[in-house]
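First up is the structure itself, then whatever we jot down about it.
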Amino acid sequence: MSTEFDYKELFNQYAVEAGRYLPRRKRKDIQLEIVSLLEDALEDMSQTSGEQVDEDIAIEVLRSFGPPITYAEKYHQQEYLVGPVIFPLFKPVLILGLGLFLIQIVVGLFLIIRDGGFNFLDTVDNFFDMGFRMLGVLVFAFALIERTTPERWLRWPFREMERTWDPAGLLVNMSKQAVKLRDILFEVVFLVGFVVFLVFFPHYVGVGVNRDGVWGFVPTLSENFEIYQLWIVAYLLAKLVFNIVLARRSYWDSQMRWFQVGIRVLAIGLLLWMKGGPEMFGINPAYLAVHNPSASLLDFVKGTLPGWNTGFNIYLIIQLVIQVIHLVRDLFMVTRGKSELKLHLK
Amino acid sequence: MTNDEKFAELLETYRNELRRGVIILAVLSQLDDAQYGYSLIKQLGDKGFEVDQGTLYPLLRRLEERGLLESDWVIDDSRPRKYYRINQTGEAVLAELKTEWDAMVKVLEGVLS
């Protein structure tokens, strides 16, 4: 084990974890104090044992403080509707609810705009009404559960955590926040290539076939593609910017996670629009105005078009499901606050 | 849960409640000179009054919020530490609590004998 072990990072990570459950008003100050106290305990333990400070001693100190959540709980007093005992359960349920609410807003907006009945004030009023009702029901339900369930039942997960918690897990968390540059580089190259292709070479999407001994090619992106093109490219560029910024920062923080949430919402909106909008594949009249493919070639390509559109629709649905799942996960990560902690005295 | 375990849990609960009542008195009495959390734990421990760190540190903050203590961040050995010291209100409360404690001990000695 190295004697140059960076226990400060580990202690900061502990303070970050504890910070999620600390009162917001004094969070930074308490976190700073926790780190200071951990350092005192470390120094004392090292002197008592006569050993140099290393990872084992640092972890032993953390073990003596206990899991961050139970340590942070001691800074709370009974002044809340949903307390720290039940809050860890309340939070993911709330995030899931908010995620579903967000999807409902996107789908609702899409349907309202499609059916032509869009009224800004009514729409905002409805969404606020739904949002507050959901929030109210959740808070009420959890406050009721907290006040009617025996504490030993509610505390069961904490007891289990105290039994099984391993401070070494914080080391894994520290490495998880780092960005995988190789993945980002791969995605950046792909995005640049895709943008260039969509902007300059979309006419290469099509069907090439040999009819009567002659090779022919007919593009299959319809004139409708031009409606979507700008937005698809905008989405890809946003992803590109996101990846570049992330690579420059080299770690995840809450800003980057919110950035990602924004991109996901954009993707979901785009996918919904393409799913409900005009079909992407068809014979472009602009192509026919310039080229003169043989009738048999044209008939053959037209015969494949329903397959193109069906396949694309299935792809859109699969992508929608994936994006929604990722959006819920991202929202969960945002609120879990995996961010770096900058401790300093004012 | 066996009866022995129930008894041990019950005893632990009451023991904690009993200590919780006097811990404020013990802490206030040690803060004439400024102390940071860990040094206070050691000092109390040296005098035979063991306090769990998870109990003491939040308690110091609560006492500060209630206006009995004052605190300052100080850089010691290039490390920031939060020092707590009793203030005038704290001293007045401590004096009252000491009187109350003396009276309580006398009463309880009579009750328990």
Side-chain angles (χ1 to χ4, degrees), chain A residues 7-8 11-12 14-15 18 21-23 25-48 53 60-79 84 150-153 155-156 158-159 162 342-346, chain B residues 1-2 5-14 16-17 19-20 23-24 27 30-31 34-46 50-85:
Chain A
Y7 64 84
K8 241 180 175 357
F11 288 174
N12 279 357
Y14 183 88
Y21 311 104
L22 288 170
R25 197 167 52 89
K26 293 205 160 184
R27 183 178 296 164
K28 265 280 157 64
D29 196 61
I30 296 174
Q31 285 177 307
L32 189 60
E33 193 176 21
I34 288 174
V35 173
S36 166
L37 295 167
L38 285 168
E39 286 176 346
D40 284 330
L42 181 73
E43 189 180 277
D44 185 58
M45 203 175 273
S46 164
Q47 280 171 2
T48 308
V53 170
E60 203 46 49
V61 167
L62 288 175
R63 204 183 299 282
S64 74
F65 272 62
I69 187 169
T70 53
Y71 187 80
E73 188 199 343
K74 290 167 181 152
Y75 285 88
H76 286 270
Q77 294 174 54
Q78 197 78 29
E79 294 167 344
E151 194 177 338
R152 62 195 163 87
W153 291 5
R155 291 203 65 84
W156 175 80
F158 291 89
R159 280 202 301 276
E162 274 165 347
K342 291 190 176 74
L343 292 172
H344 57 271
L345 280 174
K346 284 175 187 162
Chain B
M1 195 183 271
T2 65
E5 284 170 337
K6 273 185 192 167
F7 176 76
E9 194 177 291
L10 203 64
L11 190 62
E12 187 60 23
T13 306
Y14 289 133
N16 286 340
E17 280 182 19
R19 288 171 62 79
R20 205 174 296 147
I23 190 171
I24 292 173
V27 167
Q30 302 301 302
L31 291 174
Q35 305 250 24
Y36 56 93
Y38 204 73
S39 68
L40 183 57
I41 278 205
K42 301 297 278 182
Q43 185 168 310
L44 286 168
D46 290 346
E50 300 289 345
V51 193
D52 174 46
Q53 54 205 5
T55 305
L56 181 69
Y57 305 143
L59 174 69
L60 286 171
R61 286 191 168 265
R62 278 200 288 278
L63 291 175
E64 187 191 11
E65 277 170 21
R66 288 170 189 168
L68 307 186
L69 300 180
E70 283 164 4
S71 74
D72 277 313
W73 279 102
V74 176
I75 306 285
D76 276 347
D77 304 327
S78 74
R79 253 191 7 225
R81 279 190 178 120
K82 194 166 197 185
Y83 278 81
Y84 294 90
R85 188 179 45 254

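Side-chain atoms are counted along with the backbone in the values below, which use heavy atoms only and exclude waters and symmetry mates. Protein chains get the first letters and strands the later ones, always in sequence-line order, with residue 1 at the start of each.
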How many angstroms lie between CG in A/D44 and CD1 in B/I41, if you round to the nearest 0.5 Å?
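So the gap between those two atoms works out to 10.0 Å.
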Pairwise distance CG(A/L37) to OH(B/Y36) - rounded to 0.5 angstrom:
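One gets 10.0 Å once the value is rounded to the nearest 0.5 Å.
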Yes or no on salt bridge (Lys or Arg N to Asp or Glu O under 4.0 Å) for A/E33 and B/R61, after CA distance, side-chain angles and deciding distance?
CA-CA 11 Å; A/E33 193 176 21; B/R61 286 191 168 265; 2.9 Å; yes
side-chain contact (heavy atoms from CB on, under 4.5 Å) between B/R81 and A/E39, intermediate numbers included:
CA-CA 10 Å; B/R81 279 190 178 120; A/E39 286 176 346; over 6 Å; no
Please look at A/I34 and chain B and tell me whether the side chain, the backbone, both or neither of the residue comes under 4.5 angstrom of a heavy atom of that chain.
neither
Against chain B, label A/Y71 side chain, backbone, both or neither, depending on which of its atoms sit under 4.5 Å from a heavy atom there.
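Side chain of A/Y71 only, per the 4.5 Å heavy-atom cut-off to chain B.
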Which pair of non-hydrogen atoms, one from A/S36 and one from B/P80, has the smallest distance, and what is that distance?
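So the minimum-distance heavy-atom pair works out to OG-O, 2.9 Å.
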Measure across B/R62 and A/K74 and return the closest heavy-atom pair with its distance rounded to 0.1 Å.
NH1-O, 3.3 Å
B/Q53 side-chain N/O to A/S64 backbone N/O, donor-acceptor pair under 3.5 Å:
yes
Pair A/I30, B/Y57 - check side-chain contact (heavy atoms from CB on, under 4.5 Å), show working.
CA-CA 9 Å; A/I30 296 174; B/Y57 305 143; over 6 Å; no
For residues 5-14 of chain B, which residue pairs qualify under salt bridge (Lys or Arg N to Asp or Glu O under 4.0 Å), counting only residues two or more places apart or in two chains?
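As it turns out, the salt bridge (Lys or Arg N to Asp or Glu O under 4.0 Å) pairs with a partner in residues 5-14 of chain B, which skip direct neighbours, are B/E12-B/R15.
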Non-neighbouring partners of B/F7 that pass side-chain contact (heavy atoms from CB on, under 4.5 Å), sequence neighbours left out
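side-chain contact (heavy atoms from CB on, under 4.5 Å) list for B/F7, sorted by chain: B/L11.
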